[in-house]
Amino acid sequence: QVQLVESGGGLVQAGGSLRLSCAASGRTFSPKAMGWFRQAPGKEREFVATITWTGGSAYYADSMKGRFTISRDNAKAMVFLQMNSLKPEDTAVYYCAAVGRSIGAWPVLAPTEYDYWGQGTQVTVSS
């Protein structure tokens with residue numbers, strides 16, 4: 001029933017910026033929290049950022065603090081990830097995800113705690 005679709009990925013040079021978008025299906029979409037994860041080839045899925053849907057409280061992985069900003073538009077059922085000062089090590093497939101039921105603990109960092117996932121969008125940062 002719930003569908004998430006990411007967009008905005010692409011090729012960017014080191015130091016550049018990129019803005020990712022995630023659109024959710026349905027006017028009644030109301031998750032507890034939304035998150036962004038990334039996965040590079042041969043590596044495990046890595047937490048990037050998360051935000052509560054109602055209050056908009058955000059939390060970031062240490063390597064993303066000061067560079068990435070997560071935000072959401074509740075009326076449009078969308079979540080965004082503004083990425084600045086990009087580095088080659090940021091190269092990965094980026095996924096948006098939603099916590100559909102309840103939050104056991106904040107922040108929600110584990111991929112297994114998220115109920116819905118998008119298909120991913122490729123971000124490539126050249127050196």
Side-chain angles (χ1 to χ4, degrees):
Q1 293 294 322
V2 177
Q3 292 185 336
L4 304 175
V5 180
E6 302 96 333
S7 62
L11 176 64
V12 63
Q13 63 183 6
S17 299
L18 209 59
R19 191 192 193 212
L20 305 183
S21 300
C22 177
S25 63
R27 295 177 57 191
T28 60
F29 181 72
S30 58
K32 299 299 182 182
M34 296 291 295
W36 285 97
F37 292 79
R38 67 187 187 186
Q39 187 167 24
K43 298 183 179 180
E44 295 184 348
R45 192 158 296 190
E46 177 188 21
F47 170 79
V48 174
T50 187
I51 188 169
T52 60
W53 195 244
T54 56
S57 299
Y59 183 87
Y60 303 89
D62 288 342
S63 62
M64 265 61 86
K65 292 180 180 178
R67 300 191 301 125
F68 291 7
T69 302
I70 188 172
S71 61
R72 85 274 192 259
D73 187 328
N74 301 69
K76 296 181 179 180
M78 297 187 70
V79 63
F80 309 94
L81 184 68
Q82 178 66 47
M83 305 185 293
N84 300 323
S85 302
L86 284 165
K87 308 172 182 179
E89 50 262 46
D90 293 320
T91 296
V93 176
Y94 283 71
Y95 299 89
C96 68
V99 179
R101 295 191 174 186
S102 63
I103 298 175
W106 176 259
V108 186
L109 306 179
T112 54
E113 297 297 320
Y114 289 80
D115 302 295
Y116 308 102
W117 293 83
Q119 84 290 345
T121 185
Q122 177 70 48
V123 172
T124 303
V125 184
S126 62
S127 60

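Counting from 1, the numbers follow the sequence of the chain as shown.
Cluster annotation: Val2 is connected to Trp36 through the hydrophobic network of ILVMFWY side chains, with a link wherever side-chain heavy atoms come within less than 4.5 Å. Hydrophobic clustering of Ile, Leu, Val, Met, Phe, Trp and Tyr side chains at less than 4.5 Å, counting indirect connections, unites Trp117 with Val93. Cluster annotation: Val48 and Val5 are assigned to distinct hydrophobic clusters (Ile/Leu/Val/Met/Phe/Trp/Tyr, side-chain heavy-atom contacts under 4.5 Å, transitive). Linking Ile, Leu, Val, Met, Phe, Trp and Tyr residues whenever their side-chain heavy atoms come within less than 4.5 Å leaves Tyr95 and Met83 in two separate clusters.
Within the structure, side chain to side chain donor-acceptor pair (under 3.5 Å) pairs that include any residue of residues 98-115 comprise Thr50-Tyr114 (at least two apart or interchain). Within the structure, the salt bridge (charged side-chain N to carboxylate O under 4.0 Å, His left out) test picks out no pair touching residues 69-89 (sequence neighbours left out). Within the structure, disulfide bond (SG atoms under 2.5 Å apart) contacts touching residues 46-81 (residues at least two apart or in different chains) do not occur. Pairs engaging residues 38-81 under the disulfide bond (SG atoms under 2.5 Å apart) rule: none recorded [sequence neighbours left out]. Pairs passing the disulfide bond (SG atoms under 2.5 Å apart) check and including a residue from residues 72-127, sequence neighbours excluded, read Cys22-Cys96.
Between the side chain of Ser17 and the backbone N or O of Asn84, no donor-acceptor pair lies under 3.5 Å. Distance alone, capped at 3.5 Å, places no donor-acceptor pair between the Thr91 side chain and the Thr124 backbone. Side-chain N or O atoms of Arg38 include none that pairs as donor or acceptor with a backbone N or O of Glu46 at under 3.5 Å.
The shortest non-hydrogen separation linking Leu4 to Ala24 is CD2-CB, 3.6 Å. Minimum interatomic distance between Phe29 and Ala98 (heavy atoms only, all atoms of both residues): CZ-CB, 4.0 Å. Nearest approach of Ser21 to Met78, heavy atoms of both residues: CB-CE, 3.9 Å. Ala14 and Pro88 get closest at one heavy-atom pair: CB-CD, 4.2 Å. Nearest heavy atoms, Gly9 versus Leu20: N-CD2, 3.6 Å.
Residues forming a salt bridge (Lys or Arg N to Asp or Glu O under 4.0 Å) with Arg45 (at least two apart in sequence, or on another chain): none. Tyr94 meets the ring pair (Phe, Tyr, Trp, His ring centres under 6.0 Å) test with no other residue; sequence neighbours excluded. When the side-chain contact (heavy atoms from CB on, under 4.5 Å) test is applied to Arg19, the partners found at least two apart in sequence or on another chain are Phe80, Gln82. In terms of the ring pair (Phe, Tyr, Trp, His ring centres under 6.0 Å) criterion, residue partners of Phe47 (sequence neighbours excluded) are, by chain and number, Phe37. By the side-chain contact (heavy atoms from CB on, under 4.5 Å) test, Val12 is found to be paired with Leu86, Val125, residues two or more places apart in sequence or in another chain being considered. Every salt bridge (Lys or Arg N to Asp or Glu O under 4.0 Å) that Lys65 has, sequence neighbours left out, goes to Asp62. For the side-chain contact (heavy atoms from CB on, under 4.5 Å) test, residues two or more places apart in sequence or in another chain that qualify with Gln13 are Ser126.
Between Tyr60 atom OH and Ile51 atom CD1 the span is 6.5 Å, to the nearest 0.5 Å. In this structure, the separation between CG on Asn74 and OG1 on Thr54 is 8.0 Å, given to the nearest 0.5 Å. To the nearest 0.5 Å, atom CG of residue Leu81 and atom OG of residue Ser71 are 8.5 Å apart. Within the model, atoms OG of Ser57 and CD1 of Ile70 stand 11.5 Å from one another, a figure rounded to the nearest 0.5 Å.
Taking 4.5 Å as the limit, every side-chain heavy atom of Val99 sits out of range of all side-chain heavy atoms of Met34.
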